[in-house]
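Okay, so here's the structure we're looking at.
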Amino acid sequence: MLGLMQDQPLLISSLIDFAEKHHGEGEIVSRRVEGDLHRYHWRDVAKRARQAANALDAMGLKFSDRVATLAWNGYRHLELYFGVSGSGRVLHTINPRLHPDQIAWIANHAEDQVLCFDLTFLPLVQAVHARCPGIREFVALCDSGKLPQDSGVPNLVAYEDWIGGQPGTYAWPQFDENSASSMCYTSGTTGNPKAALYSHRSTILHAYAAALPDVMCLSARDSVLPVVPMFHVNAWGIPYSAALTGCKLVFPGPAMDGKSIYELIESEKVSYAAGVPTVWQMLLGHMKPGGLRFSTLKRTVIGGSACPPAMINAFREDYGVEVLHAWGMTEMSPLGTLCTLKNKDLEKSPEEQMRIRLKQGRAIFGVDMKIVGEDGKELPWDGKASGDLYVRGPWVVREYFKGEGGSPLVDGWFPTGDVATIDADGYMQITDRSKDVIKSGGEWISSIDVENIAVAHPAVAMAACVGMKHPKWDERPIVAVVRKPGAEVTREELIKFYEGKTAKWQIPDDVVFVDAIPIGATGKMLKTRLREMLKDYKLPNT
Ligand code: AMP
């Protein structure tokens with residue numbers, strides 16, 4: 001017997017309809033490429049998303065055709081989120097930090113037909129357009145009359161002209177909720193990048209889950225600043241959850257330095273912000289010397305890389321801001337776990353609470369997870385056993401776009417490539433990427449633990465730990481360190497700093513001072529590149 005409830009597909013167009021109807025007056029504030037602040041409301045997003053949908057119809061774009069973006073977090077990008085997917089096309093957000101060769105490869109692989117870009121990225125478009133013959137139209141996200149002269153880019157139109165003549169009415173089509181809505185290529189540390197292809201259903205379920213109180217806790221009373229980019233896993237789904245809750249959205253555009261972010265938080269009364277640790281490092285670095293305070297910021301969600309304890313402490317103790325540690329990946333839309341405490345944890349000592357907050361958190365309803373050992377057997381949830389982390393759920397990939405790489409699943413589970421422990425309360429902690437973990441004398445050393453201790457030193461700006469071949473121990477950890485400007489610390493002082501903070505055999509054998517640690521397109525440290533930089537390095541006493 002089937003239930004007798006109405007059968008309505010879960011479609012992204014319903015989110016923007018809802019935001020317009022119930023939160024039409026809710027504000028969207030964006031720092032533009034031009035530097036000024038643009039303000040309008042959810043009802044304007046809805047109308048202009050419909051105009052964009054009409055513009056795609058006018059071009060003759062068909063169902064599931066791909067529309068690419070190379071854009072910062074901003075209002076026009078938001079309109080495309082709803083206009084492209086809502087009308088049945090697939091929004092392909094491209095990471096502008098990738099190399100032009102990769103961008104051209106990705107655009108061709110995705111078979112993009114339109115490319116919408118912020119003018120900041122004109123040089124990138126100039127570098128790739130001739131190699132992307134499938135792109136029929138290039139849309140510069142700028143005002144009418146602001147198109148650059150002699151750009152050399154064919155079929156170039158200003159966004160405001162592109163949507164300008166189109167009606168603000170549009171009947172959103174109804175279709176199967178499992179239809180593709182957007183896509184994002186993985187960072188691709190090995191081989192060519194592969195795309196996660198999200199569906200309307202997976203996106204809406206993820207948007208519901210992300211807004212839950214024990215997840216991002218979003219509401220119509222929040223002013224939300226996603227610093228996490230809309231070109232990487234849909235800014236953790238915040239644009240969708242924002243429409244679903246009607247919260248105010250504040251977009252930083254290209255200005256992601258500490259000063260600009262701080263000013264935006266204060267001027268727009270931001271209550272909630274989301275980003276990767278490197279961005280928050282810059283924010284705290286800006287605030288500390290001037291003794292600046294937050295007047296409205298209450299919570300910040302930090303993910304994408306392990307959040308160092310020193311950062312959680314600084315936010316909580318120095319600024320009274322709750323830090324929510326989150327974990328996920330492109331293949332998971334991206335949210336998997338979030339670290340919010342349980343009621344019983346609130347009775348624990350501050351030190352014990354801190355130990356929990358450092359973990360990546362508990363699974364969100366919709367994400368099932370397990371850890372398995374080298375023999376493929378499931379490991380206990382005791383907070384000690386560490387194994388390969390597997391996940392499954394309605395917003396986890398089943399396969400990559402065009403079947404690249406074959407089925408990634410193992411018995412229906414997606415192998416994340418992360419190594420983790422899970423404790424009896426279900427708090428998961430990432431100990432490493434499987435390829436970054438260091439094996440010394442048959443024991444595993446977590447590179448994250450080694451890095452966290454280094455960055456707790458006041459003179460250290462950034463640290464990356466890698467394993468080096470050792471004749472006796474197989475591998476030994478060393479730590480590459482970037483010093484804070486003007487700060488001094490010696491190799492010996494830093495090694496001494498580890499004493500008492502970790503087991504003796506886990507203390508790195510050496511410290512290598514570097515000017516910079518290579519960072520990939522999504523803000524994560526590129527250990528492969530670091531290993532190349534250190535290829536002539538020799539461990540002391542070997
Ligand atoms: P991406 O698909 O580019 O978003 O990268 C996903 C990967 O980032 C995960 O598989 C983890 O290795 C890493 N990651 C994401 N969040 C965290 C976190 N909170 N702590 C440690 N690693 C993380």
Side-chain angles (χ1 to χ4, degrees), residues 93-95 97-98 102 106 183-190 193-198 206 210 215-216 226 228-238 274-281 300-309 311-312 323-340 356-364 367 369 371 386 388-391 395-397 400-401 408 413-422 427-437 446-452 455 463-465 519-528:
T93 50
I94 304 182
N95 187 334
R97 297 197 182 111
L98 295 173
Q102 280 175 308
I106 282 177
M183 67 199 299
C184 184
Y185 281 73
T186 60
S187 337
T189 41
T190 52
K194 298 193 276 289
L197 186 63
Y198 311 114
H206 182 272
V215 186
M216 294 214 229
V228 48
M230 289 167 80
F231 57 70
H232 184 57
V233 218
N234 302 326
W236 298 350
I238 291 175
V276 296
T278 35
V279 166
W280 299 140
Q281 199 94 45
T300 168
V301 65
I302 303 185
S305 304
C307 180
M311 184 174 286
I312 299 187
V323 171
L324 305 171
H325 198 184
W327 167 84
M329 56 196 310
T330 308
E331 287 89 339
M332 299 178 69
S333 307
L335 292 178
T337 64
L338 224 110
C339 198
T340 44
I356 301 174
R357 284 182 215 284
L358 280 178
K359 301 190 176 199
Q360 275 72 6
R362 295 180 287 118
I364 304 167
V367 174
M369 61 183 183
I371 41 172
S386 147
D388 291 321
L389 180 63
Y390 283 70
V391 291
W395 59 79
V396 179
V397 292
Y400 291 100
F401 182 53
W413 292 78
F414 179 78
T416 64
D418 288 322
V419 180
T421 60
I422 306 177
Y427 289 100
M428 182 275 286
Q429 182 157 32
I430 302 280
T431 50
D432 236 317
R433 286 295 290 167
S434 43
K435 55 189 174 307
D436 290 339
V437 86
S446 154
S447 64
I448 295 177
D449 287 349
V450 175
E451 288 155 11
N452 279 346
V455 293
C465 170
I519 299 284
T522 57
K524 294 186 217 306
M525 295 190 282
L526 280 183
K527 300 241 175 128
T528 39

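Indexing begins at 1, ligand by ligand and atom by atom, following the structure's order. One-based numbering along the sequence shown. These numbers come from the heavy atoms of this one structure, side chains and all, not from hydrogens, waters or symmetry mates.
- When non-hydrogen atoms are compared, ligand 1 lies under 4.0 Å from the backbone of Thr330 as well as from its side chain.
- One finds the OG1 atom of Thr416 at 5.0 Å from the CH2 atom of Trp327 (value rounded to the nearest 0.5 Å).
- The heavy-atom pair separating Ser447 from Lys527 by the smallest distance is OG-NZ, 3.2 Å.
- Of all atoms in ligand 1, numbered sequentially from 1 with element shown, those under 4.0 Å from a heavy atom of His232 are 1 (P), 3 (O), 4 (O).
- Residue contact annotation: Cys307 has no non-hydrogen atom under 4.0 Å from ligand 1.
- Only side-chain heavy atoms of Arg433 come within less than 4.0 Å of ligand 1; its backbone N, CA, C and O stay farther off.
- Shown in contact with Gln360 at under 4.0 Å from a heavy atom are these atoms of ligand 1, numbered in order with element: 18 (C), 19 (N), 20 (N), 21 (C).
- Judged as a side-chain hydrogen bond (donor to acceptor under 3.5 Å, both in side chains), and not counting sequence neighbours, Arg97 has no contacts.
- Put simply, part of Ser305 is less than 4.0 Å from ligand 1, judged by heavy atoms.
- The shortest N or O to N or O distance between Ile430 and ligand 1 is not under 3.5 Å.
- In terms of heavy-atom proximity, Val301 sits nearest to Ala274 at CG1-CB, 3.2 Å.
- When all heavy atoms of Ile302 and Val276 are compared, the closest pair comes out as CG2-C, 4.5 Å.
- Closest non-hydrogen pair, Ala196 versus Tyr400, comes out as N-CD2, 4.4 Å.
- Residue Gly304 places a heavy atom under 4.0 Å from ligand 1.
- Between Lys524 and Ile519 there is no side-chain heavy-atom pair separated by less than 4.5 Å.
- Here the closest heavy-atom approach between residue Ala306 and residue Ile448 is recorded as CB-CG2, 3.6 Å.
- Against a heavy-atom cut-off of under 4.0 Å, Trp327 is close to the following atoms of ligand 1: 9 (C), 11 (C), 14 (N), 15 (C), 16 (N), 17 (C), 23 (C).
- Taking only nitrogen or oxygen atoms, main chain and side chain alike, Ile302 does not reach within less than 3.5 Å of ligand 1.
- The residue among Val419, Asp418, Thr416 with a heavy atom at the shortest distance from atom 10 (O) of ligand 1 is Asp418.
- Residue Met329 has no N or O atom closer than 3.5 Å to an N or O atom of ligand 1.
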